[in-house]
Amino acid sequence: MSEECTSRREFLQVGGCFLFAMAALPVFAVSGSGAANERMYPIPAGDSANIDRQAQVILVRFHNNIYAFALSCPHENAAVKWMPKDSRFQCSKHDSRYQPDGVHTAGRATRNMDRFAIRRDGASVFVDTTHWFQSDKNPSGWAAAAIQV
């Protein structure tokens with residue numbers, strides 16, 4: 001019985017730390033450099049959501065991965081926003097919800113957030129804004145559109 005209680009306690013401690021880490025995801029306004037079709041950003045120093053409104057890109061560092069998303073919801077192209085209280089993205093029009101890695105969790109959307117092709121060069125991340133992956137049409141491309149850091 002003591003072993004079972006310890007396991008629960010450990011589970012709650014680890015789970016509580018995980019929830020705190022998610023809630024602490026800061027949001028920054030950024031502006032990438034380079035050509036319109038390929039934007040360059042510095043690798044975020046820590047977990048964060050970095051929004052480039054001009055290029056319509058969200059660059060997310062979350063759990064040792066970097067993702068680049070379109071700023072629009074795949075349902076009807078309305079803007080998505082970060083909801084810090086709930087640790088998720090949400091569509092501003094129909095309230096579709098997404099995890100920080102872009103996975104759809106609720107709402108009218110029928111797929112995950114669209115991911116841009118992304119590559120790393122030294123301390124920079126390059127986002128190809130002309131090449132994106134939709135999770136329902138190209139699941140393997142969508143899954144591969146990430147950089148481990």
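In this chain, residues are counted from 1 in sequence order.
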Original post:
Can Arg53 and Ser31 be said to form a side chain to side chain contact (heavy atoms under 4.5 Å, CB included), step by step?
Top reply: CA-CA 8 Å; Arg53 291 193 189 280; Ser31 182; over 6 Å; no
With heavy-atom distances below 4.5 Å as the criterion, would you say the side chains of [X] and [Y] are in contact?
| X | Y | result |
| --- | --- | --- |
| Leu59 | Asp52 | no |
| His75 | Thr110 | no |
| Ser87 | Gln99 | no |
| Trp132 | Pro74 | no |
| Lys81 | Met83 | yes |

Heavy-atom count check: over 12 atoms from other residues, nucleotides or ligands less than 6.0 Å from Gln54 CD?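 No, not enclosed.
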If you link I, L, V, M, F, W and Y whenever their side-chain heavy atoms are under 4.5 Å apart, who else ends up in the same group as Met40?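 For the cluster that includes Met40, the remaining residues are Phe126.
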Short question: side chain of [X], backbone of [Y] - any donor-acceptor pair under 3.5 Å?
| X | Y | value |
| --- | --- | --- |
| Ser48 | Gly46 | yes |
| Arg61 | Pro44 | yes |
| Arg88 | Arg97 | no |
| Arg115 | Trp142 | yes |
| Asp101 | Val103 | yes |

TODO: Can you label the angle between the Phe69 ring and the Tyr67 ring as parallel, tilted or perpendicular, going by 30° and 60°?
DONE: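 Rings of Phe69 and Tyr67: parallel, under 30°.
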Can you give me every donor-acceptor pair (side chain of residues 116-125, partner residue at least two apart or in another chain, under 3.5 Å) with its distance?
unit_1	atom_1	unit_2	atom_2	d
Arg119	NE	Glu38	OE2	3.4
Arg119	NH2	Glu38	OE1	3.3
Arg119	NH2	Glu38	OE2	3.3
Arg120	NE	Gly122	O	3.0

Between [X] and [Y], what is the shortest heavy-atom contact and its length?
| X | Y | answer |
| --- | --- | --- |
| Ser96 | Gly107 | OG-C, 3.6 Å |
| Met113 | Ala70 | CE-O, 4.1 Å |
| Asn112 | Gly102 | CB-O, 3.2 Å |
| Gln90 | Asp95 | NE2-OD1, 2.8 Å |
| Asn65 | Val149 | N-CG2, 4.2 Å |

Connected via hydrophobic side-chain network under 4.5 Å: [X] and [Y]:
| X | Y | value |
| --- | --- | --- |
| Ile43 | Ile58 | no |
| Leu71 | Val30 | no |
| Trp82 | Val80 | yes |
| Val127 | Ile66 | yes |

Interatomic spacing from [atom1] in [X] to [atom2] in [Y] - rounded to 0.5 Å:
| X | Y | atom1 | atom2 | value |
| --- | --- | --- | --- | --- |
| Lys93 | Arg108 | NZ | CZ | 9.0 Å |
| Cys73 | Asp114 | SG | CG | 9.0 Å |
| Arg111 | Tyr98 | CZ | OH | 8.0 Å |

For Tyr41, give me all partners under ring-ring contact (aromatic ring centres under 6.0 Å, His included), at least two apart in sequence or on another chain.
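Scan of Tyr41 (ring-ring contact (aromatic ring centres under 6.0 Å, His included), adjacent residues dropped) gives none.
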Can Gln148 and Asn64 be said to form a side-chain hydrogen bond (donor to acceptor under 3.5 Å, both in side chains), step by step?
CA-CA 6 Å; Gln148 285 194 322; Asn64 300 318; over 6 Å; no
